Amino acid sequence: MPLPVSMIPPAPGENEPCDATFESAKVLSLLARRRSTKIIHFTAPGPSDGELDALIRLAARVPDHGKLGPWRFVVIEGEGRARAGEKLAGVCTDAQSAEIARHTFQRAPVCVMVVSTAAAHAKIPEWEQQLSAGAVCYALLIAGHAMGYGGCWLTGWPAYDARARAALGLAEGERIAGFIHLGTPTETPTERVRADWAQRVARF
Ligand SMILES: Cc1cc2nc3c(=O)[nH]c(=O)nc-3n(C[C@H](O)[C@H](O)[C@H](O)COP(=O)(O)O)c2cc1C
């Protein structure tokens, strides 16, 4: 059962003192053991509209140099999934790819497209704006898990195809940071091989 949205505290008001530390065995265990749900292993239900609003509100609290909010969210759920799939099918050049594209958003009950709106800025490099969009994707995934849903962060060809991006409503220069699929897992994932973090640590 998903945790109720009412358990999530409201956002603090401006200049209100906030917790800078948060001892939580549950958060540590989530980070230690989290796994994505395979896209073929989703079923309904996914987050409701109210739950999605809550998840997006949490994800939008990521570090954001310059307070630019260099990202936006497009929720693809319900009948919108078929409409978005049809848009992708429309840019395919053969019938077989179009048929696959048509089902892109049918595989999970909900997909949140995280769009990076990073643009040239006098002080904040575009790279940092894009990193913030990546952080949004991970925060959304983690928040979704903590609420009780499976999630998976995909990109795929539509993220790298200008016609697909335009068909999904992106403006010139906007990028897809990720499609965050959310729903109920039909299977418990098993652990995968992980990058050896210890080999990737140096100390000055
Ligand atoms: C930016 C980004 C894009 C990704 N796109 C895909 C994708 O298109 N297809 C895919 O199979 N996995 C993709 N992945 C990987 C999955 O999200 C996932 O991390 C992977 O399946 C491993 O599972 P785990 O999250 O449990 O470690 C992507 C990951 C990132 C960070």
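We number each residue from 1, following the sequence as shown. Bear in mind that the values here come from a model prediction, so they are computed numbers and not experimental data. Remember, it's 1-based here, ligands and their atoms both numbered in the order they're listed.
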Measure up the H181 and F105 rings against each other and bin them: parallel (under 30°), tilted (30 to 60°), perpendicular (over 60°).
parallel

Carboxylate-amine/guanidinium contact R72 E174, below 4.0 Å:
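E174 and R72: salt-bridged.
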
NZ/NE/NH1/NH2 to OD/OE distance under 4.0 Å, R83 and E86
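Result for this pair is no, no salt bridge flagged.
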
Which protein residues have a heavy atom closer than 4.0 Å to any atom of ligand 1, listed by chain and number?
R34, R35, S36, W153, L154, T155, G156, R192, R194

Without hydrogens or angle criteria, can the side chains of W153 and S36 be said to hold a donor-acceptor pair below 3.5 Å?
no

Determine whether the side chains of T190 and R192 contain a donor N or O and an acceptor N or O closer than 3.5 Å.
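No, because no side-chain N or O of T190 sits under 3.5 Å from a partner of the opposite role on R192.
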
Linking directly or through intermediates, with side-chain heavy atoms under 4.5 Å: list the remaining ILVMFWY members grouped with L131, chain and number order.
W127

